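Keep in mind that what you see is a predicted model, and the values were worked out from it rather than measured. Counting starts at 1 for both ligands and their atoms, in listed order.
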Amino acid sequence: MRTIAHISDLHFGREDAAIVAALKEELREDAPDLVAVSGDLTQRARRREFEAAREFLRGLGAPILAVPGNHDIPLFDVARRVFQPLARYHRYIHADDNPFYVDGELAVLGLNTARRGTLAGDGRISLSQMAIVRERLAPLPETLVKVLVAHHPFLPAPSGPPQALVGRGRQGLQAAEAAGVDLLLTGHLHRGFTGDVRTHHVAIKRSILVFQAGTAVSTRLRGEANSYNLIALDPPRLSCTVHAWDGRRFVPLEPTRFLKTDEQWRREA
Ligand SMILES: [Fe+2]
Ligand SMILES: [Fe+2]
């Protein structure tokens, strides 16, 4: 049994200090095996924003696996955007764009989907990242739960206006399918939901779950309270418990539980 705290879209620079303090306390109490951060750690990729994000992550007392989001690339500083888009991210958060965590039960690979070329903030997977997915995850035994973490979504939200999905998502999912991936953790939409990639990507035959996280601590809300996901991995069962901010504290909602039978993840009542 492993637990992952999935936090996303922190947007330091636009954070709510009270929620930051509460989340830090919560996560220290949860003591997850891993904290997965699915991008947008900062609002404008400023130095002081990265410093605040780093200090927050260091204070959690758990291993961290993070990927950058579109906001972690400078927008207005064009020289930095073009020539060293992720220099500060690399300096303050992770030197590696595609970090990897593995233990006896769990393998987690981060994929940087943030790109400097798109002012709209859309993301994309590269061909070399598809190769990394295969190389890192395919050789590992099926007994491990295999997880990908990326900023940009692979699945549309179940309601609301249409949003761009990650570029080359279908090819990325084919690599994930070949590598035996069970679960994708994503952000960017500032809305939380769960699903299976096959509801949208009909070419994918493998049942791969998606857990999308809301914005953990930022004031950039899109019709939903701040939240984070606490994920329990206990094959053949997975569960996702959204912890939603009620104005004073994070309150756990009813867990969404999945059971894998006949190679399919099915939602349990
Ligand atoms: Fe965001
Ligand atoms: Fe984003």
Side-chain angles (χ1 to χ4, degrees), residues 5-17 19-20 23 35-46 48-50 52-54 56-57 64-77 80-81 85-86 88-90 92-94 97-99 110-126 129 148-157 159-169 172 184-195 210-229 242-245 250:
H6 174 204
I7 63 177
S8 197
D9 296 83
L10 308 169
H11 288 282
F12 275 94
R14 288 284 300 276
E15 81 279 20
D16 180 317
I19 305 179
V20 171
L23 180 62
V35 176
V37 189
S38 53
D40 281 357
L41 288 86
T42 66
Q43 177 60 17
R44 285 288 165 236
R46 294 186 180 100
R48 63 176 179 277
E49 296 172 353
F50 274 121
R54 179 173 68 180
F56 171 76
L57 294 176
I64 306 288
L65 183 142
V67 293
N70 49 302
H71 279 261
D72 300 317
I73 292 176
L75 182 62
F76 304 120
D77 184 342
R80 190 174 285 276
R81 180 178 182 88
L86 284 171
R88 284 180 180 157
Y89 178 87
H90 291 153
Y92 286 100
I93 307 297
H94 272 323
D97 279 7
N98 303 298
L111 296 177
N112 162 30
T113 55
R115 298 292 182 264
R116 65 187 163 187
T118 145
L119 290 174
D122 297 343
R124 188 195 264 193
I125 301 174
S126 67
Q129 285 176 312
L148 292 180
V149 182
H151 181 59
H152 292 87
F154 289 77
L155 261 192
S159 61
Q163 298 272 356
L165 299 180
V166 66
R168 297 203 191 99
L184 308 175
L185 305 181
T186 44
H188 186 60
L189 300 177
H190 297 203
R191 297 185 56 199
F193 56 90
T194 62
V210 170
F211 292 172
Q212 185 85 25
T215 171
V217 298
S218 88
T219 56
R220 296 169 52 95
L221 300 176
R222 296 191 192 128
E224 265 186 35
N226 292 97
S227 68
Y228 74 97
N229 294 339
V242 176
H243 287 60
W245 182 250
F250 281 100

**OP:** With H190 as reference, evaluate E224, H11, Q212, R220 under the side chain to side chain donor-acceptor pair (under 3.5 Å) test and give the passing residue.
**Re:** H11
Original post:
Can an N, O or S atom be found in H188 less than 2.8 Å away from the Fe ion (ligand 1)?
Top reply: no
Original post:
Which atom, counting only N, O or S, brings H190 closest to the Fe ion (ligand 1)?
Top reply: NE2
Original post:
Relative to the ring of Y92, is the ring of F50 parallel (under 30°), tilted (30 to 60°) or perpendicular (over 60°)?
Top reply: parallel
Original post:
Is any side-chain heavy atom of I73 less than 4.5 Å from a side-chain heavy atom of R81?
Top reply: yes
**OP:** Please name the atom of D40, restricted to N, O or S, that is closest to the Fe ion (ligand 2).
**Re:** OD2
**OP:** Would you check if the Fe ion (ligand 2) lies under 2.8 Å from any N, O or S atom of D9?
**Re:** no
Subject >> Degrees at the Fe ion (ligand 2) between the OD1 atom of N70 and the NE2 atom of H151, nearest 10° >> reply: 90°
Original post:
Would one find more than 12 heavy atoms of other residues, nucleotides or ligands at under 6.0 Å from atom CZ of R124?
Top reply: no
**OP:** Taking the side chain as every heavy atom from C-beta outward, state whether T113 and V67 have any atom pair closer than 4.5 Å.
**Re:** no
